[in-house]
Amino acid sequence: MEHMSRGTILERLAVLADAAKYDASCASSGTAKRNSKDSGGKGMGSTEGMGICHAYAPDGRCISLLKILLTNHCIFDCHYCVNRASSNVARARFTPQEVVDLTLSFYRRNYIEGLFLSSGIVKSSNHTMEQLVEVARILREEHDFRGYIHLKTIPDADPELVHQAGLYADRVSINVELPTEAGLARLAPDKNTGRIEGAMSEVKEHIAQSRDETKRFRNAPRFAPAGQSTQMIVGADAASDADIVGKASRLYDGYRLRRVYYSAFSPIPDASAVLPLKRPPLMREHRLYQSDWLMRFYDYSAAEVMQATGDDGMLPLDIDPKLAWALKFRDRFPVDVNRGGREALLRVPGLGVRAVNQLIAARRQRSLRLEDVGKLTVSIAKVRPFIVTADWRPTLLTDRADLRTLLAPKEEQLELFAA
Amino acid sequence: MITPLPVDAAAAFYVVHLPEPDDFAFWRATARTLVQCAVPPDRIAWVEPGGTGDLFAEGQRQLPEPPGDAPQVRASKPFIQAAETAICHSDSARFALLYRLLWRHQTNSRVLEDRTDTDVRRLDELARTVRRDKHKMRAFVRFRAVEDADGEERFVAWFEPEHHILRSNAAFFVNRFTNMRWAILTPRGSLHWDGAVLAEGPPAQRSDAPDGDPTEDLWRRYYASTFNPARLKIGAMLKEMPRKYWKNMPETALILELVAGAQAREAAMVEAGTLEFDERPQTLSAIDQAIHACRKCPIGELDNQAVMGEGPQDAALMIVGEQPGDQEDQQGRPFVGPAGQVLDVHLQQAGIDRAATYVTNAVKHFKFVNRGKRRLHQTPTAKEIDICRWWIEGERQIVQPKLILAMGASAARGMLGKTVSVSKARGMPHQLDDGSELWITAHPSYLLRLDGAARAEQERLFQADLVAVARRVAELIG
């Protein structure tokens, strides 16, 4: 095993960024608004309501935060993880001060919105958590850093340390990792569903308590104002999409999570021999995100999303879950865009939240025609079979057996660099 | 209602010269006057600095006076907000569009609510484009540190916005970088912040900005390392970071190289992670033959021979060690060296007949390094043990022991697929997937490395484990 604990900052940054990249989250949005002008010019940084992606990597992912591990040494041996104890990857560590310096020098050059810090577990969970909290403390207290901080909480860390983390951080998260308990037991033998969800539950209580105090005392300390999130790995165990959707829904309801991230298991260097390395299609991850949106913004219940899955519990890959649901429940369509309720319009494939709001505003003025709807949507062909307008009614179309084939998008070859 | 003006004022053609391309206050005041004077949209030409003014040299430059009883000009808050944003667009028709909408708004106050209206959609589009351009500027400006003559650090960026967004974006940078001294230079003008006062400067050139910063090496390394080559999604990247921004972002120089190497890197990871075994042999002698040819991990490449398990095919007890040692490798039989002798003594004391037991190892080849004339034992890695599970599982399927005794952490991993602590796991049964029972104890070579009281204590524990196993096997056989 190659040890780089004393390598240059550049070398260690390469190792510790590489080790952190399998965590999908990079969000910097939804936190309290702050700026450094109000601090009398002594503080550093600001947060807007909306996060900023300062760059995009060729994997299409947003780079908003400096996302690194404090160390990738780890005493845990989770099979899906590149940093597991038995993995033969290069190891490195930063001191808290080095992470602080790196964060500030990137921040000053406008490369990032802030820091997303996680760590392999060294010595003990508490020791590791203390180090993470120390980084956030130096940033907030010694540099009056007002940018975004996301801290991972370490499984089994002392609740008091998690509480401190939340007082410094905008967001805290702990990963449930696998959708089923059996999957976790097999692939993450050192982790435990009950303890992970116990930690989430504590964070939920802290957040609720802080909200309540902030209402009564304006200057009460905020606890993780951007809430908590988690991540599930997709395709490393046998869990179906229905299992994953069900788990996500329970997490949203049970712990008031801001986000559940889905990360399609992808090949890693020195993969564990225990793991069958048949990678899931990236499209599966995409369909799960779409179903997540249906639950969060389109008023679908988890049970309804599950209705869109096939007999094997999987969402179709060739069409999106909203269309899949509509094709299964054709008696709910067509919806009259001039009369239908908001909930009914939100179920129409091809109509987004924005288009629905605009249709509702526009129809107060006059009766809408197909052409009007066309102006507000990307593809009228996709919407047409499911709506009625002043001049359009989809006779027979909703009953056609080959509707799915008609609406499924054609395979598209990605054009390299057609900018 | 709009009160008609005297004929000459309404019929005239007006040319309005804006002092700045993004001067919303001026546009608003002028537009209010023109609406009050009932000047229809097609009687006005709006000209921005550097715009095409000559074409309209014939028009009136003097604005008319609104009549004393001119009605209030009405404008909704959403319209003002959208207009204030849209005016920063570089489309020269924006002033006329805004005026046309303001004009229509006087007779139909709900005009903006109809998103299917061509003018409303255009306003929407302009405002959205400007908001996006502003957002992208906040995202993609890259400061470079320079040292001033007085030794103080200053940060300078060169940026090329597509629209007139510099001024309206200034507050963002002031609020964020209050405690720094910085400048943002653009072809349309510049901003300078000294820690207390914001100053506007003239248009600049790229050569006015510093051409590098050592921290960019760190940033580029971060960019390359955070990229996952197994998830190439070029379209998604281009959609959010179009090429027009690339030239002023240091990290983008790496993109072509990262994309080009991605598939090879992914293929290498997949290949390294793929273990393709042929169909598993169904007899012990066939496994014996196959392990001699096995090169699935580097241990098989060493100068050694594979050592097969030994014992009756219907044994109720299977004992698993770590790997063959020097003696075992030379003789081609398991547990015949010093550790094997320790094992034999304790088996006898516990009343276990080795001849009735199937004895084997988690790893089939001897892993060692040469030290002079000696071959020094090396512990196999977790990965090597995991790969070799293929063979031990084959032996288990054929022998189907009622109980397996794993000696040492490596053997335990070979059975469980995870690393456990021997001291915590010993002395109790563990359930295996096939229903058989696993017991864990120390490896006899561990005893050989101890002396005195420590050795006596470990010998006692080892013996106790064997006695417990012997009793349990007897129970299981019934």
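Each chain gets a letter, A, B and so on, in the order its sequence line appears, and its residues count up from 1.
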Handout entry: Under 4.5 Å from a heavy atom of chain B, the part of Tyr107(A) involved
Key = both

Fill in the blank from the handout: Under 4.5 Å to a heavy atom of chain A? For Glu113(B) that would be both

Problem - Greater than 12 external heavy atoms within 6.0 Å of Lys247(B)'s NZ - result: yes

Exercise for the section: Give, for atom CG of Asp59(A) and atom CG of Asn228(B), the distance between the pair rounded to the nearest 0.5 Å. Expected result: 6.0 Å

Exercise for the section: Compare all side-chain heavy atoms of Lys383(B) with those of Asn88(A) and state whether any distance is below 4.5 angstrom. Expected result: no

Problem - Option that, when pairs with chain A are counted at under 4.5 Å, heavy atom only, ranks first among Asn179(B), Val174(B), Val120(B), Leu254(B) - result: Asn179(B)

Practice task
Please look at Tyr222(B) and chain A and tell me whether the side chain, the backbone, both or neither of the residue comes under 4.5 angstrom of a heavy atom of that chain.
Solution key: both

Handout entry: Electrostatic pair Glu285(A):Arg231(B) at N-O distance under 4.0 angstrom
Key = yes

Exercise for the section: Report yes or no: does His135(B) contribute a side-chain atom to a donor-acceptor pair with the main-chain N or O of Cys53(A) at less than 3.5 Å? Expected result: no

Handout entry: Side-chain donor or acceptor of Asn110(A) paired with backbone N/O of Phe143(B) under 3.5 Å
Key = no

Practice task
May I ask you to name which of Gly147(A), Ala361(A), Ala362(A), Gly45(A) has the most heavy-atom pairs under 4.5 Å with chain B?
Solution key: Gly45(A)

Exercise for the section: Counting only heavy atoms closer than 4.5 Å, note whether Thr381(B) contacts chain A via side chain, backbone, both or neither. Expected result: neither

Exercise for the section: Taking all non-hydrogen atoms of both residues into account, name the closest pair between Phe177(B) and Ser36(A) and its distance. Expected result: N-OG, 4.2 Å

Problem - Residue selection (most heavy-atom pairs with chain B, distance under 4.5 Å) from Gly43(A), Ser105(A), Ala20(A) - result: Gly43(A)

Exercise for the section: Report yes if the side chains of Arg186(A) and Lys418(B) come closer than 4.5 Å at any heavy-atom pair, otherwise no. Expected result: no

Exercise for the section: Would you please say whether a donor-acceptor pair under 3.5 Å links the side chains of Thr116(B) and Arg363(A)? Expected result: no

Exercise for the section: Determine the minimum heavy-atom distance between His54(A) and Ala139(B), stating which atoms define it. Expected result: ND1-O, 2.8 Å

Fill in the blank from the handout: Turns out that what part of Tyr245(B) lies under 4.5 Å from chain A's heavy atoms comes down to neither

Exercise for the section: Please check if the side chain of Ser225(B) supplies one atom and the backbone of Ala17(A) the other of a donor-acceptor pair under 3.5 Å. Expected result: no

Problem - Smallest separation among heavy atoms of Met241(B) and Ala55(A), with atom names - result: SD-CA, 3.9 Å

Problem - Candidate pair Phe227(B) and Lys21(A), rule side-chain contact (heavy atoms from CB on, under 4.5 Å), full reasoning - result: CA-CA 7 Å; Phe227(B) 160 60; Lys21(A) 72 185 172 198; 5.9 Å; no

Problem - Lys67(A) versus chain B, the contacting section by heavy-atom distance below 4.5 Å - result: both

Exercise for the section: Look at atom CD of Glu257(B) and say whether more than 12 heavy atoms of other residues, nucleotides or ligands are closer to it than 6.0 Å. Expected result: no

Problem - Backbone N/O of Ser46(A) and side chain of Arg176(B): donor-acceptor pair under 3.5 Å - result: yes

Problem - Arg142(B) vs Tyr111(A) side-chain heavy atoms within contact, under 4.5 Å - result: yes

Problem - Interchain contact, Ile63(A) with chain B, by part (heavy-atom threshold 4.5 Å) - result: side chain

Handout entry: Value rounded to 0.5 Å, distance of CD1 in Ile385(B) from OG in Ser86(A)
Key = 9.0 Å

Handout entry: Closest non-hydrogen atom pair, Ala57(A) against Tyr223(B)
Key = CA-OH, 3.5 Å

Handout entry: Arg108(A) and Asp213(B) ion-paired at < 4.0 Å
Key = no

Practice task
Identify whether the distance between the nearest side-chain nitrogen and carboxylate oxygen of Arg138(B) and Glu48(A) falls below 4.0 Å.
Solution key: yes

Problem - Sidechain-backbone polar pair: Lys37(A) side chain, Thr178(B) backbone, donor-acceptor under 3.5 Å - result: no

Handout entry: Glu125(B), CD: over 12 other non-hydrogen atoms inside 6.0 angstrom
Key = yes

Problem - Interface moiety of Leu66(A) toward chain B, non-hydrogen atoms closer than 4.5 Å - result: both

Exercise for the section: Using a 4.5 Å cut-off on heavy atoms from C-beta on, say whether the side chain of Lys375(A) contacts that of Arg121(B). Expected result: yes

Problem - Engaged part of Ile52(A) at the chain B interface, taking heavy atoms whose separation is under 4.5 Å - result: both

Completion exercise
Counting heavy-atom pairs under 4.5 angstrom with chain B, the leader among Glu371(A), Arg364(A), Arg354(A) is Arg354(A)

Problem - chain A contact via Leu232(B) - which portion, at a heavy-atom distance below 4.5 Å - result: both

Problem - Part of Leu102(A) lying under 4.5 Å from any heavy atom of chain B - result: side chain

Practice task
Evaluate the ring planes of Trp219(B) and Phe106(A), with Trp represented by its six-membered ring, and classify them as parallel (under 30°), tilted (30 to 60°) or perpendicular (over 60°).
Solution key: perpendicular

Handout entry: Interatomic distance, Arg109(A) atom CZ to Glu216(B) atom CD [nearest 0.5 angstrom]
Key = 8.0 Å

Completion exercise
Separation between CE (Met50(A)) and CZ (Arg131(B)), nearest 0.5 Å, reads 9.0 Å

Practice task
Determine whether Asp372(A) and Arg115(B) make a side-chain contact, defined as any pair of heavy atoms from C-beta on separated by less than 4.5 Å.
Solution key: no

Problem - Which portion of Lys136(B) sits near chain A, non-hydrogen atoms under 4.5 angstrom - result: side chain

Exercise for the section: Supply the atom-to-atom distance Asp23(A) CG to Thr226(B) OG1, rounded to the nearest 0.5 angstrom. Expected result: 10.5 Å

Handout entry: Exceeds 12 heavy-atom contacts within 6.0 angstrom, atom CZ of Arg369(A)
Key = no

Practice task
For the residue pair Tyr56(A) and Leu238(B), establish whether any side-chain heavy-atom pair is separated by less than 4.5 Å.
Solution key: no

Problem - Interchain contact, Glu153(B) with chain A, by part (heavy-atom threshold 4.5 Å) - result: side chain

Exercise for the section: Show your working on side-chain contact (heavy atoms from CB on, under 4.5 Å) between Gln358(A) and Asp124(B) and close with a plain yes or no. Expected result: CA-CA 12 Å; Gln358(A) 293 183 344; Asp124(B) 238 14; 4.0 Å; yes

